[in-house]
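We use all heavy atoms of the structure for the numbers below, so side chains are in, but hydrogens, waters and symmetry mates are not. Chain letters run A, B, ... following the sequence lines, proteins first, then strands; residues in each count from 1.
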Amino acid sequence: MIPVNPLGVGLLYAVLSLDHFSFGPLLLSRPLVVGTACGWALKQPAAGFEIGAVGEALWALVPPAGPRQWDVGLMAALMAAWLAGDAAPAAAPRWAMALAGLIAFPLGLLGRRIDGWARKQTRPFAAHALEGLSRGSDGPLRASLFATALLWVFKSFLVFLVMESFGGALWDWIASRTPALFQTALERTWFLWMALGAGALLWQFIGRWPARSLRPGPAAQP
Amino acid sequence: MNRGVLARVFLRSLWLQGLWTVQRGQNLGCLYSLWPVVDRLYERPEDRAEVARTHAGFFSTHPYTAGVVLGVVAGLETDRARGNGPSGEAIAAARSAMAGPLAALGEAFFWSLWRPLSFLAAMALAWAHPGHPGRIVLSFLVIYNLLHLGARWQGLRWGFRWRTDVVPRLAPLRLQRVLTVAAAAGALATLVLMIAAVATGRASPGLLGAALAAAALLRRGAPLGVLVAGSAAVALGWTFLGATL
């Protein structure tokens, strides 16, 4: 039986994932927002916020839209859902967050490929919209926008449920058998990710120093 | 063209990314945004179809700076409908010419600077008022989107008012200088937060060193995914070696 909580969280994540597909982006699909929202829905707001904050810093280099974007919010949603499961320790210690992150990361990469495939399936809708416009009507365009948004929410919901179930089973199995030494190692991993997030944030500012990247080249100078 | 029509263009422009395709980019989102203007200017479906054909080519820009392009196109289409504007091809060419530079500006400012700056502001707030994750996330969204939505709306209005003169009129804003100052402020704020975390005992000096090392590795082109997995490997090795020795 599928528990009620993951279903609700899946729907919440699926609606928020629209943000990087068609509407906005208002940053609703970023890890900070998705992690906190899912954590709040699962009555673990502090854990959800910490997952979201570390995820947001770690993936600071991933833009919310455009060719380089991918759904980093999925990982935050999965981690928040697993941490609220039955096998999770009550206070969601950091080793548990790190373990969830290690399982969520490859699933996030898989989700990226699924997103790429799903985006290509919007072509028939685009053709339908263009056909309507060639008649001077924007009705089919509006219908196509609505239909693709609905399909995207459905896709995200399905992806979340499948990954939450399989990844969650793996997480439960490992979490209940993790010895103390591994827990220490995983806790250190979480702290290293925090440091990596801070480094990524720093690099986001220094590495894109606009004075260098936007300055005209020698040929453009008088 | 009244403010109500522009407001409808603005609201519709939030769907600019919808129906994005490799072949045509955001062209359908662009047409969807402009439709209230087209609808107002032309009564006959054939005329509206002609405008749609004009703008059916590839179009791609940053969604936040697209307001300027949409404003310019709406203004030029208004002139064309009145019989004193450029041809449809000239409008499409102006749209394409502006898309690239505006995309670069949006990428450099909103993605690379404003988003992490808003996040830093939220983190500073979390530090000052711990225990209110919902309010902090809400602050993050408000800080970020106030400027984002404001820039979209104002860009649309400027584009519509100044048409293709918008570029020389925006030049005195010295956007490059703004980008430089924002990047420096962001780097400084990140460093200050990191040092404060160490000074108050919330983080160890080793983590500060690890953060600086991570920034240096990213500078050398190390993929982030490898660093994430590498951190876990380092932590495992460190723990087991510590337990063994």
Side-chain angles (χ1 to χ4, degrees), chain A residues 21-27 32-33 36 40 45-46 48-49 53 56 58 60-61 63-65 102 105 119 122-123 125-126 129-130 133-138 141 144-145 148-149 181 184-185 188-189 191-196 198-211 213-214, chain B residues 14-15 17-21 24 28 31-32 35 45-49 52-53 56 63 108 111-113 115-116 119-120 122-123 126 133-134 136-137 140-141 144-145 176 179-180 183 186-187 190-191 194 207 210-215 218-219 224 227-228 231-232 234-236 238-240 243:
Chain A
F21 173 68
S22 60
F23 186 79
L26 304 170
L27 299 198
L32 182 66
V33 182
T36 310
W40 171 78
F49 176 72
E56 189 65 46
L58 263 182
L61 300 170
L102 282 174
F105 182 55
R119 276 179 191 276
T122 59
R123 266 182 249 162
F125 293 97
L130 275 172
L133 289 170
S134 69
R135 288 185 279 107
S137 161
D138 75 330
L141 175 53
S144 295
L145 276 172
T148 48
L181 197 62
T184 309
R188 286 176 176 168
T189 301
F191 283 116
L192 281 179
W193 283 350
M194 283 182 176
L196 186 55
L201 215 53
L202 194 60
W203 172 239
Q204 178 80 350
F205 293 116
I206 296 170
R208 313 280 175 99
W209 207 264
S213 57
L214 295 182
Chain B
L14 295 174
W15 291 91
Q17 302 276 103
L19 285 175
W20 180 93
T21 56
R24 296 175 184 275
L28 286 167
L31 273 168
Y32 179 70
W35 207 255
E46 302 85 60
D47 296 332
R48 292 202 291 261
R53 262 193 297 279
W111 283 179
S112 303
L113 296 174
R115 182 171 52 90
F119 175 62
L120 276 181
M123 286 301 99
I136 290 154
V137 171
F140 167 67
L141 290 174
Y144 181 80
N145 286 310
Q176 191 173 311
L179 294 178
T180 311
T190 312
L191 280 171
M194 281 156 64
L207 285 181
L212 293 175
L218 287 167
R219 185 173 183 269
L224 193 63
L227 292 182
V228 169
S231 305
V234 166
L236 272 172
W238 170 22
T239 308
F240 285 101

What part of [X] gets closer than 4.5 Å to chain A, counting heavy atoms only: side chain, backbone, both or neither?
X	answer
B:Pro63	side chain
B:Tyr32	both
B:Trp35	side chain
B:Ala52	side chain

Checklist entry - By a 4.5 Å heavy-atom criterion (distance strictly below it), what part of A:Thr148 contacts chain B: side chain, backbone, both, or neither? => result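 For A:Thr148, the contact with chain B is made by the side chain alone.
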Checklist entry - chain B heavy atoms under 4.5 Å from A:Leu145: which part of the residue, side chain, backbone, both or neither? => result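 Both backbone and side chain.
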Residue, of [options], that accumulates the most heavy atom pairs under 4.5 Å with chain B:
options	answer
A:Ala53, A:Gly48, A:Ala200	A:Ala53
A:Trp40, A:Phe21, A:Phe23	A:Phe23
A:Pro64, A:Ser134, A:Ser137	A:Pro64
A:Thr122, A:Leu133, A:Leu58, A:Leu102	A:Leu133
A:Leu196, A:Thr36, A:Thr184	A:Leu196

Checklist entry - Between B:Leu191, B:Thr21, B:Leu28, which has the largest tally of heavy atom pairs under 4.5 Å with chain A? => result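 Ranked by contacts with chain A, first place is B:Leu28.
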Item to check | All ring-ring contact (aromatic ring centres under 6.0 Å, His included) counterparts of A:Phe191, not counting sequence neighbours | outcome: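 In terms of ring-ring contact (aromatic ring centres under 6.0 Å, His included), with neighbours along the sequence ignored, A:Phe191 is linked to no residue.
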Item to check | Geometric cation-pi criterion, A:Arg188 with B:Trp238: 6.0 Å, 45° | outcome: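 Yes, A:Arg188 and B:Trp238 form such a contact.
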Checklist entry - So, for A:Ala129 and B:Leu19, which heavy atoms are closest and what is the spacing to 0.1 Å? => result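 In terms of heavy atoms, the two residues are closest at CB-CD1, 4.2 Å.
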